[in-house]
2 protein chains.
Amino acid sequence: MGRAVGIRDVAEAAQVSVGTVSNALNKPDRVSPTTLARVLAVIDELGFVRNDLARQLKMGAGTTLGMIVLNVANPFFADLAHASEAAAEEAGQTVVLGSSDQLEAREDRYLDLFEEQRVRGMLVAPLDGITQRMRRLRARGMPLILFDIHADRDFCSVTLDGRAGGELVARHLIESGRRHIAFLGGPLHQVEDRWLGAQRVCAEHQGVRLTHVDTDDQTIADGRAAGAVIEAMPAAERPDAVFAANDLLALGVLQALVMSDQLSVPRDIAVVGYDDIDYAESAIVPLSTVRQSTGLLAEHAIRLVLDEADDPDHSHEQLKLSPELIVRESSSPR
Amino acid sequence: MGRAVGIRDVAEAAQVSVGTVSNALNKPDRVSPTTLARVLAVIDELGFVRNDLARQLKMGAGTTLGMIVLNVANPFFADLAHASEAAAEEAGQTVVLGSSDQLEAREDRYLDLFEEQRVRGMLVAPLDGITQRMRRLRARGMPLILFDIHADRDFCSVTLDGRAGGELVARHLIESGRRHIAFLGGPLHQVEDRWLGAQRVCAEHQGVRLTHVDTDDQTIADGRAAGAVIEAMPAAERPDAVFAANDLLALGVLQALVMSDQLSVPRDIAVVGYDDIDYAESAIVPLSTVRQSTGLLAEHAIRLVLDEADDPDHSHEQLKLSPELIVRESSSPR
DNA sequence: CGGTGATACTGAAACGTTTCACGCATCGTA
DNA sequence: TACGATGCGTGAAACGTTTCAGTATCACCG
């Protein structure tokens, strides 16, 4: 296996200069039809494949976007990544995905990696707010847009209005006759808005109690564990509604509660999730939840990151998208 | 914002040659401690970030692996991607993920893209077997390992033993007293092994019938549609067991059947899925399924692709991993 | 003191592109 | 005929690294 065939080999075989080959590839209209045909034929014959590394190096600007999500195994982020990839393709960009797995070390690693890779910009769902590293990146001119974090004037962000979502859910539960809502999920700062929204609505209503049940992570397993805790509570202490910070938690709770013979959903306890992942609808008891359009989210994010990369006088935008309440059986009035 | 700071700026500021800076970065032991410290200090001060594009271009070998899966929204592939990323990180490699969405055009596009990107190797879950493009890649020396496809001597592959899985399921269903099994899923060639395994076991048993119900894709929605079809069948025609080619289909079927008042799972119809995704356990009726370790799969795949990239006298391996039957409520004997 | 290795560092030559300032015909027009 | 346009093609210079053949210095030894 000889060396890889480069643009020079093509030039030689087609009896043109390397510049012409490059033009044939990138600006076909600057080349006469006959030579263009000849060059393309040779390219095909020799099996030439342009080296994008050299290309990007020379051109300065890459065509790759780096994306860091909290956990690809979480379907919300999987959807978001998928949608972003689609939106990026539309704009001729490629997305490289990294999963921080909620570990600061991994988040940092990807930030560094992407910077070394000279990505055109980054889309980050930050683990723990805006870090020093991110500020440094911004200072060096790296386009960096954030998902789902409260506004910061120095960054673009696309946020889902968690507060509005929290309000929707709390209002719905109260109107369905629930009086003690347990907000399930942690770490709290990651889901603070949802919590605050619920809190606000609950405060407006006499005799409604809101408590917080912490979890380590937001997986089905965590939800199941929390469900067991709730089930074991003395009846007087036990909430009559659970507002889970995401659907996975809610599914876990649901499962734990259904397993138990004493309690039934939604009769004794209503359960509402967040994200409207595909499985919410096909859960043991179809799950009420809050839907957020990952497609919309992704489109805005891609638009913003490219704008920040291209437009010299780009001004940061903090977008807030409104969620939608989806009521299913798990929170029917009793 | 001036130009980006390069290795030359560092060299100048630290009063050493560019070669020394490069050495300080890559082979610190070839540099005296005092200069090393000085260089690193300058790097830090200037905020130098090495340009990986130039690096890879020069070094010839990248540190990136390209991965193409059928659909990231499918949790099996999401898990697989996640596991592969983890295994790759272990080996100091980065994984770039692309989702073909079951479209040949997208599969082709990613193959081309990754080749232009000069990835170190590719991991592909092929849409429709081995294409001409893949053979061309192999011919040009690109390491390329395949997921979940029958062996081909020219390629490495890591396959889940679908045949064994199909046998496990069929045997289990027959032993649970089922006599008419519907195999659900398509396109058939993508799940042929599972089908063949089931077929073989059924042929061994007197009075057991096996039919095939085709689907366009393998999503919950497809399963739901198929479930509706099954429900509408005259009782004599209706299967008493559904073996779905993956868990999403099974969940869809489950949902459709449970909605109906006439039929009950597992009393009238048993349902078994494939993949053991997280949600299988928390389905309306906990879903029997076949588990395949994505972790193992990923480890082998990464090992093979790196071996193919590094070892000059690498010989292709066709690995077949054995699945495990997980029996839950959805296929309890009646 | 000359020879021999080690060690630390140097600086130019690649890697495979794109870009850009030119050269060279050909052509329409005055 | 002279002249500026216009269209096509050239080839060297860069992009930011790594690598490698050297140079310089020093310690050690016979």
Side-chain angles (χ1 to χ4, degrees), chain A residues 2-40 42-43 46-64 112-113 115-120 140-141, chain B residues 2-40 42-43 46-64 112-113 115-120 140-141:
Chain A
R3 242 183 59 280
V5 20
I7 213 175
R8 279 198 262 268
D9 306 300
V10 175
E12 194 177 347
Q15 316 213 58
V16 292
S17 75
V18 292
T20 302
V21 176
S22 176
N23 280 334
L25 248 37
N26 303 311
K27 329 187 170 165
D29 44 325
R30 297 230 177 306
V31 163
S32 81
T34 90
T35 32
L36 178 61
R38 184 154 37 101
V39 170
L40 292 182
V42 170
I43 285 181
L46 265 51
F48 165 76
V49 176
R50 110 151 132 262
N51 187 327
D52 204 49
L53 296 175
R55 178 172 219 258
Q56 288 187 201
L57 171 59
K58 181 59 196 172
M59 300 208 306
T63 175
T64 301
D112 289 350
L113 193 70
E115 192 183 11
E116 290 194 350
Q117 231 105 276
R118 295 296 190 272
V119 297
R120 185 116 178 268
R140 292 198 197 110
Chain B
R3 242 184 57 281
V5 22
I7 214 175
R8 281 199 261 268
D9 306 300
V10 175
E12 193 177 348
Q15 317 212 54
V16 292
S17 74
V18 292
T20 302
V21 177
S22 175
N23 280 334
L25 248 39
N26 303 312
K27 330 189 168 161
D29 45 325
R30 297 230 178 306
V31 166
S32 82
T34 89
T35 31
L36 178 61
R38 184 155 37 100
V39 170
L40 293 182
V42 170
I43 284 181
L46 265 50
F48 164 77
V49 176
R50 113 153 127 257
N51 186 327
D52 204 48
L53 296 176
R55 180 173 217 258
Q56 288 186 201
L57 171 60
K58 182 60 197 170
M59 299 207 308
T63 176
T64 301
D112 289 350
L113 193 70
E115 192 183 13
E116 289 193 350
Q117 230 104 276
R118 294 297 189 272
V119 296
R120 186 115 175 269
R140 292 198 196 111

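Keep in mind the model is a prediction, meaning the values are calculated, not measured. Chain identifiers are assigned alphabetically (A, B, ...) following the order of the sequence lines, protein sequences preceding nucleic acid strands; residue numbering begins at 1 within each chain.
For Arg38(B) and dA8(C), the CZ to P distance is 14 Å, given to the nearest whole Å. Arg30(A) has its CZ atom 16 Å from the P atom of dT10(D), to the nearest Å. One atom, CD of Gln56(B), and another, C1' of dG16(D), lie 13 Å apart when rounded to the nearest Å.
Of the listed residues (Ile7(A), Asn26(A), Thr35(A)), just one forms a side chain to side chain contact (heavy atoms under 4.5 Å, CB included) with Val21(A), and that residue is Ile7(A). Here the options are Val31(B), Val16(B), Val39(B), the test is side chain to side chain contact (heavy atoms under 4.5 Å, CB included), and the partner is Asn23(B); only Val31(B) passes.
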Using atom names, set out every protein N or O paired with an N or O of nucleotides 17-24 of chain D below 3.5 Å, distance rounded to 0.1 Å.
residue	atom	partner	partner atom	Å
dT17(D)	OP2	Ile7(B)	N	2.7
dT18(D)	OP1	Asn26(B)	ND2	2.9
dT18(D)	OP1	Arg55(B)	NE	3.0
dT18(D)	OP2	Ser22(B)	OG	2.7
dT18(D)	OP2	Asn26(B)	ND2	3.4

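Residue Thr20(B) is in base contact, counting any heavy-atom pair closer than 4.0 Å across all strands shown.
In terms of phosphate contacts, Ser32(B) brings no side-chain nitrogen or oxygen within less than 4.0 Å of OP1 or OP2 of dT7(C).
By the 4.5 Å heavy-atom criterion applied to side chains, Arg118(A) and Leu57(A) are not counted as neighbours. The shortest side-chain heavy-atom distance between Leu25(B) and Arg50(B) falls under the 4.5 Å cut-off.
Taking a cutoff of 4.0 Å between a charged side-chain nitrogen and a carboxylate oxygen, Arg140(B) and Glu115(B) qualify as a salt bridge.
Nearest to the side-chain atoms of Leu57(A) among the listed nucleotides dG9(D), dG16(D), dT10(C) stands dG16(D).
Considering only residues two or more places apart in sequence or on other chains, Leu40(B) meets the side-chain contact (heavy atoms from CB on, under 4.5 Å) condition with Leu36(B), Ile43(B).
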